[in-house]
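Structure first, then comments.
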Amino acid sequence: MTQTPDSKTLNAAASITIDAFHNGGFFLVQPAGSGHRAGMDAMLLAATVPEGAAGTLADLGAGAGAAGLAAINRLPDLNAVLIERSPAMAECARRSLALSENVHLTARASVIEADVTLTGSHRREAGLADYAYDYVILNPPFNSGHDRKTPDLLKAEAHAMESDDLFERWLRTAAAILKPGGQVSVIARPESLAEIFAALGKRFGGVEITPVIPRTGSDAIRILITAIKGSRARMRLRDRILIHEGEGHAFSDQMHGLANGRAAWPRQTPNRPSK
């Protein structure tokens with residue numbers, strides 16, 4: 001493939017790997033020595049898009065595109081727009097779509113290089129139109145800026161909050177670009193729950209919260225949240241997702257199905273467009 005200036009920059013910073021997901025269902029170009037490398041979080045986020053989903057999904061802060069591509073690999077009637085601010089990671093997403101192994105996805109996915117926190121006309125000019133998407137998924141850089149810093153600038157950008165109102169800014173964009181009745185999905189740390197509730201505000205309802213725990217008896221290390229734009233349905237606190245069974249590192253049967261695109265984690269409350 002012909003190198004663009006971005007791909008030259010990427011290769012200068014770090015070598016790349018081509019990694020299989022969904023047991024070889026699709027492949028991802030990722031930085032080998034820097035930046036964020038996709039894993040469990042992205043696969044769980046993709047699993048929140050229900051079976052039979054159609055239309056268009058926006059993957060905000062897509063990185064190399066793992067969550068968005070996982071969703072459309074499982075759902076043949078769904079399209080995805082991968083939205084990423086980092087030029088290097090957006091280039092990884094474009095190179096992923098150019099892989100011959102992903103030819104079955106290429107026509108249903110595209111990349112927009114843009115800051116998801118843009119507002120109003122600036123957001124629309126960047127390609128994020130109002131009321132354009134049926135689903136929005138987001139895996140923001142939810143680590144606290146006070147957490148241990150990494151010298152890897154690309155990884156730091158992907159992992160650490162750039163502001164105290166991160167969830168407000170990201171969910172504001174999600175609400176603007178979703179159609180009425182559209183679904184938003186978020187994965188974050190449990191300590192972010194209050195900020196997420198505040199950001200969902202009156203924009204979304206029917207909030208469903210799933211704790212994700214390493215093994216029986218452990219505290220949650222992630223929360224998986226879905227909500228519906230304009231819904232007035234009540235909140236639900238759902239049963240947990242169990243990552244491991246026993247003391248080993250192998251995935252539980254439940255997690256194995258979610259991580260490999262063999263199962264979904266659909267909402268318990270039906271999605272009904274607001275009136």
Side-chain angles (χ1 to χ4, degrees), residues 4-14 16 28-39 41-42 45-46 56-71 79-98 109-130 132-133 135-145 147 149-178 184-189 192 195-196 199:
T4 67
D6 278 340
S7 62
K8 291 178 182 178
T9 301
L10 177 66
N11 287 340
I16 62 166
L28 208 65
V29 173
Q30 302 192 88
S34 69
H36 172 73
R37 291 180 60 79
D41 288 1
L45 196 56
T56 305
L57 172 147
D59 183 355
L60 300 186
L69 295 185
N79 300 313
V81 179
L82 313 176
I83 302 149
E84 173 57 43
R85 181 178 68 177
S86 163
M89 295 308 296
E91 178 64 9
C92 280
R94 285 188 286 263
R95 293 174 71 172
S96 295
L97 293 180
S110 60
V111 178
I112 294 177
E113 191 175 314
D115 185 342
V116 303
T117 66
L118 292 172
T119 60
S121 61
H122 297 294
R123 172 179 48 77
R124 291 187 288 272
E125 288 166 5
L128 301 180
D130 295 338
Y133 296 94
Y135 299 89
V136 171
I137 58 176
L138 54 125
N139 180 9
F142 49 69
N143 292 336
S144 168
D147 289 349
K149 297 292 182 67
T150 171
D152 179 351
L153 296 180
L154 193 57
K155 183 178 290 186
E157 183 180 53
H159 288 185
M161 295 184 183
E162 71 268 11
S163 67
D164 292 335
D165 62 347
L166 175 139
F167 289 104
E168 166 63 25
R169 295 168 75 184
W170 284 54
L171 285 164
R172 178 183 61 204
T173 293
I177 67 176
L178 267 172
V184 68
S185 304
V186 187
I187 192 164
R189 284 181 171 183
S192 298
E195 293 98 315
I196 295 170

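The chain is numbered in sequence order, starting from 1.
- Residue R123 forms a side chain to side chain donor-acceptor pair (under 3.5 Å) with just one option from T117, D115, D130, and that option is D130.
- Listed by chain and residue number, L69, I72, L97 satisfy the side-chain contact (heavy atoms from CB on, under 4.5 Å) test with A109 (two or more places apart in sequence, or in another chain).
- Distance CD1/I16 to CG/L28: 10.5 Å, rounded to 0.5 Å.
- Remark: side-chain polar atoms of S110 are not paired, donor with acceptor, to backbone N or O of V81 under 3.5 angstrom.
- Here the closest heavy-atom approach between residue I187 and residue L45 is recorded as N-CD1, 3.9 Å.
- Across all their heavy atoms, Y133 and G127 have their closest contact at OH-O, 4.1 Å.
- Contact detail for A114 and A126: the closest heavy-atom pair is CB-CB, 3.8 Å.
- Although no hydrogens or angles enter the test, the distance criterion places no donor-acceptor pair under 3.5 Å between the side chain of Q30 and the main chain of A64.
- Nearest heavy-atom pair across E113 and A90 is OE1-CB, 3.8 Å.
- Listed by chain and number, the residues in a side-chain hydrogen bond (donor to acceptor under 3.5 Å, both in side chains) with N79 amount to none (sequence neighbours excluded).
- For A93, the side-chain contact (heavy atoms from CB on, under 4.5 Å) partners are L82, V111, not counting sequence neighbours.
- Considering only residues two or more places apart in sequence or on other chains, V116 meets the side-chain contact (heavy atoms from CB on, under 4.5 Å) condition with L60, I83, W170.
- Considering CG of L57 and CD1 of I137, their distance stands at 4.5 Å, rounded to 0.5 Å.
- Every side-chain contact (heavy atoms from CB on, under 4.5 Å) that A199 has, sequence neighbours left out, goes to F167, E168, L171.
- With sequence neighbours excluded, no residue forms a side-chain hydrogen bond (donor to acceptor under 3.5 Å, both in side chains) with R172.
- Taking the side chain as every heavy atom from C-beta outward, P31 and M89 approach each other to under 4.5 Å.
- The distance from the CZ atom of R124 to the CG atom of L118 is 11.5 Å, given to the nearest 0.5 Å.
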